[in-house]
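Take a look at the structure below.
For the single chain, residues carry numbers from 1 onward in sequence order.
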Amino acid sequence: MKKVLLTFYLAVSCLSLTAQRQLTLTAAIDCAQDSTIKAAAAEATYESRVWQYRTYQSTFKPHLDLSLHPNYVNESFDPDKSFAYSRNFNLLSTVAGLELEQKVSAWGGDLYVSSSGIWSESYNAPLDARHQLAGTPLRVGYKHDLIGYNPYRWEKAIEEAAYQHAVRQHDFELRQIALETTILYFDAVRASSLYDMYVNNEETARQLYEIGAEKYKLTFIRNDELATLKLQQANAETSTSMAKVKLENALSALNSYLGLPTDTPLHLEVPTTMAQKIIDREQIHRQVEECNPVYADSRLTLLKTQQRTDKARHEVGVQAGIDVNVGLQNYSAAVGQEFLRQNLFSVSGLTVTIPIINQGTARNRLGAARFEEQAAELNAEEQMRQLRLEVDCIINDFENCQRLLPAAYKALEMANEAFSQANENCRNGIADFNTFVISQSKREEAYINYLSVLQSYWQAYYTLSMLSGQDL
């Protein structure tokens, strides 16, 4: 019920985005994790793995099966023609059986309890001996294909590891969607902010040219100075046009990723930073080992190789399997009599395979399995080394961005103040045009630097969240 309400809430949020045309980073991430194609694929993959895990769990519960075999036949051998054939045209038989089977995970074999009955009618037999009924009201047995090897213990470990990997992979993919949304969102924020700044620059350049034209009429400025102002206006118009194209492309990419029409106009809010965070590196590394799907996948691969090694070890030399059962059985020509005066029987089947000439196949298989297990262990260590290094680098980026953001914001304020003063002085003729151009360039540089640091800050935050599986 909670999942349905959450889906409904997110759907309403996505619809409201289209209506209000306003978007925050948090709202964009929520919408992306609910409505993107990648999120739907991740959810379907996770649900598939959940059903596989439920299938595994059901196989370790008791199974009761009813089997019917009408017109049961036996193969016969003709010594004259030297081939086997089925002879059933003089015999009509029906077999019905009920069997309860349970896997014994502690031993690695199967325990079964069954009951069966066989009715047969032979048309070429005397009338009083034509009908025959055989009843086995109870039979209890245990079978194990390879003594010493427990496949169910490995199956349990592998399936549980696979399920944990699926859980972590699903969470990882949702957090990866948050990271991808952050990148697209900041691309659009940067493009929108720069477009607004270039529009302002274009308007300022137009006003300065108009003022310069009036001053040129009064011979206060030279012709080359007026031409410079005209060139600045043309450059500002070109920059605005290019910024508009980049903004349209960035918004189209973001809308497409969120599942919205590509031409949906959005008003993007520039995210603010969080309170100063002190990162505990060892705690982050522990969370990565617990929650990252790379580690879970390495453990799953290692378990599979260990299973193959264990099985290959038991296949070297003499192999033995058993099928032991005891029960009651009787034959009768009258219906119901076959279940009376039962005879106790015991059947013990022991299969022993002794390799005489196998060209070292089993030992070669064991050697290959051991080296495969060794390679899996080394690959797991290498993956964890790379992951640990990646986490350290992301932490360094995050801490560096936390340190640079106040300075970048202060530089932006100073650049805006210097630009406003230079703009005013240029209009009043106190400062020359070169001073204005320099202040405008510095303001643009400060703005780009601030947006870059802010984007790197949030990208590092969501990357750490993705790798560790935890919110910082």
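- Under the 3.5 Å distance criterion, with hydrogens and angles disregarded, a donor-acceptor pair is assigned to the side chains of Asp110 and Tyr152.
- Here the CD1-CG distance, from Ile448 to Leu412, works out to 11.0 Å after rounding to the nearest 0.5 Å.
- Put simply, the side chain of Tyr295 does not reach to within 4.5 Å of the side chain of Val288, judged on heavy atoms.
- Checked against the 6.0 Å centroid threshold, Phe60 and Tyr56 count as a close aromatic pair.
- Side-chain contact of Trp154 with Asp310: a donor-acceptor pair under 3.5 Å is present, judged by distance alone.
- Shown here are the side chain to side chain donor-acceptor pair (under 3.5 Å) partners of Asn255, two or more places apart in sequence or in another chain: there are none.
- Here Arg365 pairs with Glu315 in a salt bridge; the nearest charged N to carboxylate O distance falls below 4.0 Å.
- Applying the salt bridge (charged side-chain N to carboxylate O under 4.0 Å, His left out) test to residues at least two apart or on different chains, none of the pairs has a partner in residues 236-248.
- For the 3.5 Å distance criterion, the side chains of Ser298 and Gln383 qualify, holding a donor opposite an acceptor.
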* CA sep, side-chain torsions, deciding dist, call: Tyr185, Trp458, ring-ring contact (aromatic ring centres under 6.0 Å, His included) -> CA-CA 11 Å; Tyr185 186 89; Trp458 283 108; 9.9 Å; no
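- Contact check on Glu282 versus Arg388 returns a salt bridge, with a Lys/Arg side-chain nitrogen under 4.0 Å from an Asp/Glu carboxylate oxygen.
- Residue pairs satisfying the salt bridge (charged side-chain N to carboxylate O under 4.0 Å, His left out) criterion with at least one member in residues 462-472, sequence neighbours excluded, are listed as follows: Arg175-Asp471.
- Judged purely by distance below 3.5 Å, without hydrogens or angles, the side chains of Arg370 and Thr309 never pair a donor atom with an acceptor atom.
- Tyr450 has its ring centre no less than 6.0 Å from the ring centre of Tyr447.
- Between Glu382 and Arg385 a salt bridge is recorded (basic side-chain N to carboxylate O distance below 4.0 Å).
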